[in-house]
Amino acid sequence: MASVGRELLDVPLPEMVMKLGLGIAEAQRALDENSVATAKILADTTIPLVLAMTQTIAADGTVSYTQSDPIDVSLMQIGLLPTFYQFSEATIEVTMDIKTTMSTETNIKVSSSAKVGFGCWSASVNVDVSHNRKFGKEVHGTSKLITKMVPVPPPARIAPELIIVDNRPKPTA
Amino acid sequence: MNDIYDRFGATVTFSEGQEGLFIVVSQEKDPSANIHAHGGSVVFRLDKGRSVIARLTLTNALALQKEKGILMVSGVHLDVQRYNAVLASLGASLVPPQQ
């Protein structure tokens, strides 16, 4: 009969860990691909950026507006970046409920018979003994997989590096 | 996917967080109605209204992703430091945040 220790050893934990790991790797790849696709959309989409507006109130009280020429910038240029996610934790929890039962049943049947005839007689005693031992085992198991996903900063080189070269002459004091 | 975890008696839960920014790309029409139906709001429109940046919770964003005609719902965020640097480089004068 398998022991409780044997049952616990039979839990396919290495296989579960392997499948969880592969599942996470696959999910991580899908998440990264999605973030890269988003980055492409953000890099390809441009919006007109109006940097200045002037409101002029004339002497007669009429109000007019003028604006600077819009500059087309991509969404990524202005700092709209895809959110990258990462699996930070994975937990496998296995709970087992093992119940073993054993019962023994012994049946004894005794019978006797005798015969007499023509100066002879015979007698017999029959004993039947049956011995049954029954084993029962119930194993209930539940497993729980918990993964935790957190947003992480995008890769350092995903957005173009912004270098500002200011060649204006320095103001004199 | 619902079928898979239901068949095994499993439950999948997502802890509800705060609202975040998502880019929503629709196949044909403006996805604003779908976004409003999922409790979100449109922040600004792109690409003639077929794509928008919307504010949604994660669970609502995941639900929106399953809507017919929605091609993509993906998380984005604004790097404020970079935004300010770009504006400064283009000559915009930044207004300091009010106390």
Side-chain angles (χ1 to χ4, degrees), chain A residues 23 27 30-53 67-85 141-154 156 158-166 168, chain B residues 1 4-5 8-27 31 43-59 61-62 65 70-95:
Chain A
L31 285 169
D32 289 345
E33 280 178 1
N34 188 59
S35 297
V36 169
T38 308
K40 281 182 186 169
I41 293 174
L42 295 173
D44 292 343
T45 308
T46 57
I47 54 163
L49 196 65
V50 177
L51 292 169
M53 286 186 74
Q67 65 176 48
S68 62
D69 291 336
I71 299 165
D72 281 340
V73 287
S74 76
L75 292 174
M76 195 176 272
Q77 271 179 301
I78 60 167
L80 202 61
L81 302 173
T83 305
F84 281 79
Y85 297 96
T142 55
S143 60
K144 194 174 176 182
L145 307 178
I146 302 168
T147 56
K148 192 175 172 186
M149 203 169 68
V150 292
V152 289
I158 194 167
E161 194 179 354
L162 180 69
I163 300 168
I164 301 168
V165 180
D166 190 348
R168 289 175 294 183
Chain B
M1 186 176 163
I4 297 171
Y5 59 73
F8 288 94
T11 52
V12 176
T13 55
F14 291 98
S15 56
E16 188 65 91
Q18 291 178 341
E19 283 188 334
L21 291 178
F22 290 87
I23 184 165
V24 181
V25 182
S26 170
Q27 203 163 11
V43 179
F44 63 87
R45 292 169 203 283
L46 318 160
D47 191 18
K48 294 169 188 168
R50 209 171 59 86
S51 314
V52 300
I53 302 289
R55 192 179 289 280
L56 287 157
T57 60
L58 177 64
T59 45
L62 290 170
Q65 206 164 23
I70 300 291
L71 289 180
M72 175 194 266
V73 180
S74 183
V76 293
H77 68 276
L78 184 68
D79 183 343
V80 178
Q81 209 175 356
R82 185 174 182 80
Y83 177 73
N84 286 337
V86 169
L87 289 188
S89 74
L90 294 172
S93 53
L94 301 176
V95 179

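In the text below, chain A, chain B and the rest are named by the order of the sequence lines, each starting its count at 1.
Considering only heavy atoms from C-beta on, A:Ile41 comes within 4.5 Å of B:Met72 through its side chain.
When heavy atoms are compared at a cutoff of 4.5 Å, A:Ile47 approaches chain B solely by way of its side chain, counted from C-beta outward. Contacts of B:Ile23 with chain A are made by side-chain atoms alone, with heavy-atom separations under 4.5 Å and no backbone atom involved. Neither the backbone nor the side chain of A:Ala39 comes within contact range of chain B; no heavy atom of the residue lies under 4.5 Å from a heavy atom of that chain. When heavy atoms are compared at a cutoff of 4.5 Å, A:Leu145 does not approach chain B at all. Proximity to chain B is limited to the side chain of A:Leu75, based on heavy atoms less than 4.5 angstrom apart. At a 4.5 Å heavy-atom cutoff, the contact between A:Tyr85 and chain B is made by side-chain atoms alone. With a 4.5 Å cut-off on non-hydrogen atoms, B:Val25 touches chain A through its side chain but not through its backbone.
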Run the numbers on A:Thr38 and B:Phe22 for side chain to side chain contact (heavy atoms under 4.5 Å, CB included), then give the verdict.
CA-CA 10 Å; A:Thr38 308; B:Phe22 290 87; over 6 Å; no

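Closest non-hydrogen pair, B:Ser74 versus A:Asn34, comes out as OG-ND2, 3.1 Å. Contact record, A:Gln77 with B:Arg82: O-NE, 3.5 Å, taken as the closest heavy-atom pair.
Taking A:Thr83, A:Thr142, A:Thr46 one by one and counting their heavy-atom pairs under 4.5 Å with chain B, the maximum is reached by A:Thr83.
Note: A:Ile78 CD1 to B:Asn84 CG = 11.5 Å, rounded to the nearest 0.5 Å. Here the straight-line distance linking atom CG of B:Asp79 with atom CE of A:Met76 works out to 11.0 Å at 0.5 Å rounding.
Other residues, nucleotides and ligands place more than 12 heavy atoms under 6.0 Å from the CD atom of A:Glu33.
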